[in-house]
Amino acid sequence: MRPINRSLLCFLVALATLAGCSRNGSLVAENPSAAGAPAATPGDSASGVIYSSSPGNNSVDYYLKGTGPHNPVAGSLAGNLSTPQGIGVDQQRNVYVANAEGQNVLVYANGSTSPTGTLEDPDKFPIDVAVGSDGTVYVANGSGPMFGSGNVVVYPRGASEPTQTLNNKHFLHVAGVALDKGGNLFVSYNAALGSGAGGVVEFKAPAFTHTVNMRITLENAAGVGFDRAGHLLVIDQNIPSLNVYNVGRRTPVATLPLPGASWFFAFNQDSSRLYVADYALGEIDVFRYRPTALKQTNKITNGITASNTNFGVADTPVQRL
């Protein structure tokens with residue numbers, strides 16, 4: 001495993017805090033699994049697995065559901081992980097890890113802990129992944145070459161190189177990517193390093209050439225997604241909160257407070273459980289979800305520290321919209 005590029009990590013933290021790399025740069029390298037204990041594989045649990053990425057520790061750990069409170073680490077994904085970010089899961093439970101410094105997306109077949117494929121993303125900064133029901137993969141690049149404006153690259157099913165690049169005049173830093181049940185692509189972004197510059201753009205399926213600005217204003221946009229009822233959700237890191245919108249409306253249905261600053265979130269299959277990667281507190285916050293209320297039911301802390309900057313989180317089986 002390559003040592004982490006500290007300047008890249010500082011850039012990542014700067015995007016998260018809009019205040020530069022405030023930590024001292026020391027990274028905690030730890031093996032969260034018990035010494036000598038055999039690791040469970042993701043396929044060991046019929047009830048599902050929770051994944052957590054740590055760019056500060058160059059690792060992706062996973063937890064078996066139903067083992068809380070706090071959930072011991074069940075194992076880790078292998079491979080040349082280098083500043084891993086967002087995590088996507090498809091309907092077959094294949095896992096896609098945005099491997100930022102590796103300039104690629106590592107693909108893990110259902111039940112595998114070693115990469116079974118790679119999507120190349122040269123000279124980019126892959127930060128998040130969404131997978132369509134047809135197997136098309138959408139990768140959000142936080143920034144472009146030489147820290148230029150971010151974009152989204154598209155990989156048809158089975159392709160290892162992108163065949164389409166989606167840009168928008170509002171993009172400076174792309175934060176997250178998600179699909180609605182109609183296959184339309186929603187991208188959260190920040191137009192500048194400053195408050196009030198965050199928003200969401202929709203790329204209309206199937207060609208993605210027509211775009212719609214959602215006219216949402218956020219202090220510092222992060223991950224984006226949908227609940228099963230079709231609400232658009234976006235994390236605002238500065239508040240910190242999870243904002244819930246009816247698609248096409250500027251004013252949120254609810255602004256749900258979060259315990260600490262977070263970037264990505266994931267739902268269980270029916271959107272009743274919400275998992276939020278809380279990098280400020282170094283934990284995964286688990287909530288019972290309603291569009292107007294969150295009730296925290298657990299937090300996962302094993303193998304996670306705030307200094308490791310846990311960003312990505314994913315749940316299997318994957319949410320069904």
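Since we're looking at a predicted model, the values are computed, not measured.
A pairwise comparison of heavy atoms in Gly248 and Met214 identifies N-SD, 4.3 Å as the closest pair. What you find for Gly312 and Ser53 is that their closest heavy atoms are N-OG, 2.8 Å. The heavy-atom pair separating Pro317 from Gly48 by the smallest distance is CD-CA, 4.0 Å. Of all non-hydrogen atoms in Gln85 and Phe311, the two that sit nearest each other are OE1-CD2, 3.9 Å. Minimum interatomic distance between Thr83 and Pro55 (heavy atoms only, all atoms of both residues): CG2-CB, 3.5 Å. Heavy atoms only, all atoms of each residue included: Ala222 and Val234 are closest at O-CG1, 4.2 Å.
In this structure, Phe186 has its ring center no closer than 6.0 Å to that of Tyr138.
Side chains of Leu233 and Val224 form no contact here, defined as non-hydrogen atoms less than 4.5 Å apart. Counting only heavy atoms from C-beta outward, the side chains of Gln91 and Val318 approach each other to under 4.5 Å. Two residues are said to be in side-chain contact when any heavy atoms from C-beta on lie closer than 4.5 Å; Lys299 and Asp278 fail this criterion. Here the side chains of Ile216 and Leu232 are in contact, with some heavy-atom distance below 4.5 Å. Looking only at side-chain heavy atoms (C-beta outward), Asn167 and Ser149 stay at 4.5 Å or farther from each other.
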| request: Test Tyr62 against Ile50 for side-chain contact (heavy atoms from CB on, under 4.5 Å), laying out the working first. | output: CA-CA 5 Å; Tyr62 56 88; Ile50 303 161; over 6 Å; no
Is there a side-chain contact (heavy atoms from CB on, under 4.5 Å) between Trp263 and Ile235? Walk through the geometry before answering.
CA-CA 7 Å; Trp263 197 299; Ile235 284 182; over 6 Å; no
task = Could you walk me through whether Thr165 and Val152 pass side-chain contact (heavy atoms from CB on, under 4.5 Å), step by step?
result = CA-CA 6 Å; Thr165 301; Val152 178; over 6 Å; no
**Prompt:** ring pair (Phe, Tyr, Trp, His ring centres under 6.0 Å) between Tyr63 and Tyr51: does it pass, once the steps are laid out?
**Reply:** CA-CA 7 Å; Tyr63 307 82; Tyr51 292 90; 9.3 Å; no
ask   = Would Val137 and Tyr96 count as a side-chain contact (heavy atoms from CB on, under 4.5 Å) if you check the C-alpha gap in whole Å, the side-chain angles of each, and the deciding distance to 0.1 Å?
value = CA-CA 9 Å; Val137 181; Tyr96 301 74; 3.8 Å; yes
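Judged by distance alone, the side chain of Ser143 and the main-chain N or O of Gly150 form no donor-acceptor pair under 3.5 Å. Side chain of Arg228 to main chain of Leu321: no donor-acceptor pair is present (N/O by atom type, distance under 3.5 Å, no hydrogens or angles). Asn99 contributes a side-chain N or O that, together with a main-chain N or O of Asn80, makes up a donor-acceptor pair within less than 3.5 Å. Here the side chain of Asn190 pairs a donor or acceptor atom with the backbone of Ala221 at under 3.5 angstrom. Remark: the backbone N or O of Ser114 is paired with a side-chain donor or acceptor of Ser112 at under 3.5 angstrom. Formation of a donor-acceptor pair under 3.5 Å by the Gln164 side chain with backbone atoms of Ala207 is found in this model. When atom types are taken as modelled, the side chain of Thr316 and the backbone of Val49 share a donor-acceptor pair closer than 3.5 angstrom. Asn57 contributes no side-chain N or O that, together with a main-chain N or O of Ser59, makes up a donor-acceptor pair within less than 3.5 Å.
Ring orientation note: the planes of Phe171 and Phe203 are tilted relative to one another, at an angle of 30° to 60°.
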Result block: side-chain N/O donor-acceptor pairs under 3.5 angstrom for residues 281-290, not counting sequence neighbours:
from   : atom 1 : to     : atom 2 : distance (Å)
Asp285 : OD1    : Gln296 : NE2    : 3.2
Tyr289 : OH     : Asp227 : OD2    : 2.6
Arg290 : NH1    : Thr292 : OG1    : 3.4

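Under 3.5 Å, the side chains of Asn310 and Ser54 contain no donor-acceptor pair of N or O atoms. There is a side-chain donor-acceptor pair under 3.5 Å between Tyr279 and Gln237. Judged purely by distance below 3.5 Å, without hydrogens or angles, the side chains of His70 and Asn298 never pair a donor atom with an acceptor atom. A donor and an acceptor atom, one from each side chain of Asn104 and Asp121, are nowhere located under 3.5 Å apart. Residues Ser307 and Thr305 bring a donor and an acceptor atom of their side chains to less than 3.5 Å of each other. No donor-acceptor contact under 3.5 angstrom links the side chains of Asp236 and Asn220, judged on distance only. Checking Asp270 against Asn268 by side-chain atom types alone, a donor-acceptor pair falls below 3.5 Å.
Hydrophobic clustering (ILVMFWY, side-chain heavy atoms < 4.5 Å, transitive): Val154 and Val177 are in one cluster. Under a hydrophobic-cluster definition in which Ile, Leu, Val, Met, Phe, Trp and Tyr are linked whenever side-chain heavy atoms come within less than 4.5 Å, directly or via other members, Leu179 and Phe267 are assigned to different clusters. Val153 and Leu166 are not part of a single hydrophobic cluster, where members link through side-chain heavy atoms under 4.5 Å apart. Grouping the Ile, Leu, Val, Met, Phe, Trp and Tyr side chains by contacts below 4.5 angstrom, directly or via other members, places Val187 with Phe208. Both Val200 and Tyr245 belong to a common hydrophobic cluster when Ile, Leu, Val, Met, Phe, Trp and Tyr are linked at side-chain heavy-atom distances under 4.5 angstrom.
To the nearest 0.5 Å, atom CG of residue Leu64 and atom CG of residue Asn71 are 8.5 Å apart. Atoms CG and CG, on Asp61 and Asn302 in that order, are 10.0 Å from each other to the nearest 0.5 Å. Atom NE2 of His173 and atom OH of Tyr189 lie 14.0 Å apart (nearest 0.5 Å). Going from atom CZ of Phe226 over to atom OG of Ser271 covers 11.5 Å, rounded to the nearest 0.5 Å. We find the CG-CD distance between Asn141 and Gln103 to be 9.5 Å, quoted to the nearest 0.5 Å. With rounding to the nearest 0.5 angstrom, the OG atom of Ser272 is 10.0 Å from the CD atom of Gln319.
Legend: residues meeting ring-ring contact (aromatic ring centres under 6.0 Å, His included) with Phe265, ordered by chain and number and at least two apart, are absent.
Residue Tyr108 forms a side-chain contact (heavy atoms from CB on, under 4.5 Å) with just one option from Asn94, Val89, Val97, and that option is Val97. For the side-chain contact (heavy atoms from CB on, under 4.5 Å) with Val60, the qualifying choice from Leu106, Leu81, Val95 is Leu81, the only one to do so.
The salt bridge (charged side-chain N to carboxylate O under 4.0 Å, His left out) pairs that include a residue from residues 64-91 are Lys65-Asp315, where partners are two or more places apart or lie in different chains.
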